[in-house]
Each structure stands twice: as C-alpha cells, then as structure tokens.
Trainee: 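Sending over a structure as structure tokens; questions will come in a sec.
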Amino acid sequence: MPERRSSRRDAIRNREAVLAAADALFTRRESPEDVTMADVAAAAGVGKGTLFRAFGDRAGLLRALYEARLEPVRQAVEAGPPPLGPATPARERVPALLDAVLCFKLDNRRLALALEESGSGSPYRAEHYERWHGLLRSVLEQIPGLTDSGFTAHALLAATRADLVEHLAREESVPRERARAQLAGFVARVLGSGSPQGVTEE
C-alpha cells in the first residue's frame, strides 16, 4: 500500500513537471512544430516512455496543457459572476464568451495553434471545440427570435479559430484591442443587437 501511494505521488509529480516543461517550451519556441516529445521529456527530466504513458501522444500532451491553462476561464464560465457566469443575460453572455475565447487564444497563440494542427479527423469533433460549441449553442437558444443556434455557434466560433487568430496577429499585425473590437462588432451584427458593448477599438 505505501508503495502504491508513493508510485501515485511520483506519477503526479512527473505529470506536473512535464506540463511545466511543455508550458515553458511552447512559450519560448517560435513555432509549435519546433517542440517535440523528446524536447519535453528532456526538459522535464523524465524518460520518453513516462511521457507517452501519461499522455498517450503529442496531441494528448497538448490537450492536457491546453486544459490546464484554460481552467481559470472554465471556472469563470461555470460558476463565476457576469459577464461570463451563468447568471448573465444571454445577449451579454454570448459576446463575453467569444471575447474570452479570443483573448485566451491570443495569450496562448502557439499552444492553441499546435492543438488545432495536431488533431486527426474533424476539428469539430475535438473535445474542447464540442464543449465551447455546446455552451454557446445553449446560450444562443435563450435569445428570442434567433434561429438555428447550432449553425450560428459554429459560425461565431470560426471567428476565433487559432489559425485565423495567428494570421491576424502575425501577418496582418492586428492589435489585440482592435481584434477584440472587430469580433465584438461581428457578434453584434450576427445577433442583430446594434453596436457592440464593452470593447472599443483603439
């Protein structure tokens, strides 16, 4: 029994070390493709076998790191105050949710891009995408007169795809606040709510 507890503690420590190492590597490297499983294992001081047993493959590691970074946003969405929390009126919550997604991807550009590029099969079947789509669809359904909430949720989330965020930031040099204002304006037009609130373009 003591051996089992010790083994579990070692596994937890190894996982934390791997996530910290991966976090640092993805922050430093210019391209997500520059970060390999071997790089992460070496930086964390663990064997590649330990890495693969804990996360399965590179995509599994990316998902775990993404989820770890996303946790504060998830908590705010699930139980926090307005404008992200569940008590927020739907017309205010939809743009706030999308702004949170955009800001998260701007703050985690390399990781978000690596995760979207690493998937096999449809990106719309990825767990993190299905979770955001389901949430957004359920909030959109609360808006009177708005139809086809499922498609609308897809269309709105498309404006926050990591490859688009990367293109706007890198190739078009769109400043953060301008990107947020552009998204807010787009969401307002989709919802038919007139001028966006809460974000202004500088």
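These numbers were taken from a predicted model, which means no experiment stands behind them. Quick note: numbers below take in every heavy atom, side chains included, and nothing from hydrogens, waters or symmetry partners.
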Trainee: Are Leu106 and Val174 connected into the same hydrophobic cluster when the rule is that any two of I, L, V, M, F, W, Y join if their side-chain heavy atoms are below 4.5 Å apart?
Mentor: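 Different clusters: Val174 never reaches Leu106 through Ile, Leu, Val, Met, Phe, Trp or Tyr contacts under 4.5 Å.
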
Trainee: Can you tell me how far the CG atom of Leu102 sits from the CD atom of Gln182, to the nearest 0.5 Å?
Mentor: 9.5 Å

Trainee: Determine whether His167 and Glu172 satisfy the following criterion, side-chain hydrogen bond (donor to acceptor under 3.5 Å, both in side chains), listing intermediate values before the conclusion.
Mentor: CA-CA 7 Å; His167 173 78; Glu172 297 189 14; 2.9 Å; yes

Trainee: Could you grab the distance from atom CD of Glu166 to atom CZ of Arg109, nearest 0.5 Å is fine?
Mentor: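 Going from the CD atom of Glu166 to the CZ atom of Arg109 covers 4.0 Å.
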
Trainee: Would you check if Arg176 and Cys103 make a side-chain contact, meaning some heavy-atom pair closer than 4.5 Å?
Mentor: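 Yes, side chains in contact.
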
Trainee: Between Phe104 and Tyr66, is the ring centroid distance below 6.0 Å?
Mentor: yes

Trainee: So which heavy atom on Leu164 is nearest to which on Ala159, and how close?
Mentor: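 Closest approach of Leu164 to Ala159: CD2-O, 3.6 Å.
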
Trainee: Evaluate the side-chain proximity of Arg93 to Leu140: yes if any heavy-atom separation is below 4.5 Å, no if none is.
Mentor: no

Trainee: Which atom names give the shortest non-hydrogen contact between Asp57 and Gly60, and what distance separates them?
Mentor: OD1-N, 2.7 Å

Trainee: To the nearest 0.5 Å, what is the distance between CG (Leu51) and CZ (Arg58)?
Mentor: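 So the gap between those two atoms works out to 11.0 Å.
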
Trainee: Would Tyr124 and Val165 show up in the same hydrophobic cluster when neighbours are defined by side-chain heavy atoms closer than 4.5 Å?
Mentor: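 Per the 4.5 Å side-chain linkage, Tyr124 and Val165 are co-clustered.
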
Trainee: Considering non-hydrogen atoms only, spot the tightest contact between Phe55 and Val18 and give its length.
Mentor: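 Closest approach of Phe55 to Val18, heavy atoms only: CE1-CG1, 3.4 Å.
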
Trainee: Please report the shortest heavy-atom distance between Gly80 and Pro86, naming the atom on each side.
Mentor: O-CD, 3.8 Å

Trainee: Check whether any side-chain heavy atom of Thr152 sits under 4.5 Å from a side-chain heavy atom of Arg137, and report yes or no.
Mentor: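 They are not in contact (no side-chain heavy atoms under 4.5 Å apart), so the answer is no.
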
Trainee: Which heavy-atom pair separates Lys105 from Ala162 by the least distance, and what is that distance?
Mentor: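 Here Lys105 and Ala162 meet closest at NZ-N, 3.9 Å.
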
Trainee: For the hydrophobic clusters of this structure (ILVMFWY residues joined by side-chain heavy atoms under 4.5 Å, transitively), does one cluster hold both Leu70 and Leu62?
Mentor: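 Result: yes, single cluster for both.
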
Trainee: How many angstroms lie between NE2 in His133 and CG in Leu156, if you round to the nearest 0.5 Å?
Mentor: 9.5 Å

Trainee: To the nearest 0.5 Å, what is the distance between CD on Glu141 and CG on Asp148?
Mentor: 10.5 Å

Trainee: Between Arg69 and Asp107 (salt bridge meaning N to carboxylate O under 4.0 Å), is one present in this structure?
Mentor: no

Trainee: Given side chains that start at C-beta, do those of Leu61 and Leu19 come closer than 4.5 Å, heavy atoms only?
Mentor: yes

Trainee: Find out whether Glu116 and Pro123 are in side-chain contact, i.e. whether some heavy atom of one side chain is under 4.5 Å from a heavy atom of the other.
Mentor: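 No - every pair of side-chain heavy atoms lies 4.5 Å or more apart.
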
Trainee: After noting the C-alpha distance and the side-chain angles of Arg29 and Asp39, does the key distance pass the side chain to side chain contact (heavy atoms under 4.5 Å, CB included) rule?
Mentor: CA-CA 11 Å; Arg29 300 287 175 86; Asp39 292 333; 3.4 Å; yes

Trainee: Sort out for me which residue in Leu136, Val187, Leu157, Thr88 forms a side-chain contact (heavy atoms from CB on, under 4.5 Å) with Leu97.
Mentor: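 Exactly one pass, corresponding to Leu136.
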
Trainee: Are Leu25 and Leu111 grouped together when hydrophobic residues (ILVMFWY) are joined by side-chain heavy atoms under 4.5 angstrom apart?
Mentor: yes

Trainee: Does some side-chain heavy atom of Thr27 sit less than 4.5 Å from a side-chain heavy atom of Arg110?
Mentor: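 Arg110 does not reach Thr27 side chain to side chain.
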
Trainee: Which heavy atom in Pro144 sits nearest to a heavy atom in Arg91, and how many Å separate them?
Mentor: O-NH2, 4.2 Å

Trainee: Could you tell me whether Arg13 and Glu16 have a side-chain N and a carboxylate O separated by less than 4.0 Å?
Mentor: no

Trainee: Is there side-chain contact between Ile143 and Val94, with heavy atoms separated by less than 4.5 Å?
Mentor: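 Touching, per the 4.5 Å side-chain cut-off.
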
Trainee: Would a single hydrophobic cluster contain both Leu115 and Leu168, if residues Ile, Leu, Val, Met, Phe, Trp and Tyr are joined by side-chain heavy-atom contacts under 4.5 Å?
Mentor: no

Trainee: Let me confirm one number: the OG1-OH distance from Thr160 to Tyr129, rounded to the nearest 0.5 Å.
Mentor: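 Between Thr160 OG1 and Tyr129 OH, I get 8.0 Å after rounding to 0.5 Å.
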
Trainee: Could you tell me whether Glu127 atom CD has more than 12 heavy atoms of other residues or ligands within 6.0 Å of it?
Mentor: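 No - once you tally the heavy atoms of other residues, nucleotides and ligands closer than 6.0 Å, there are 12 at most.
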
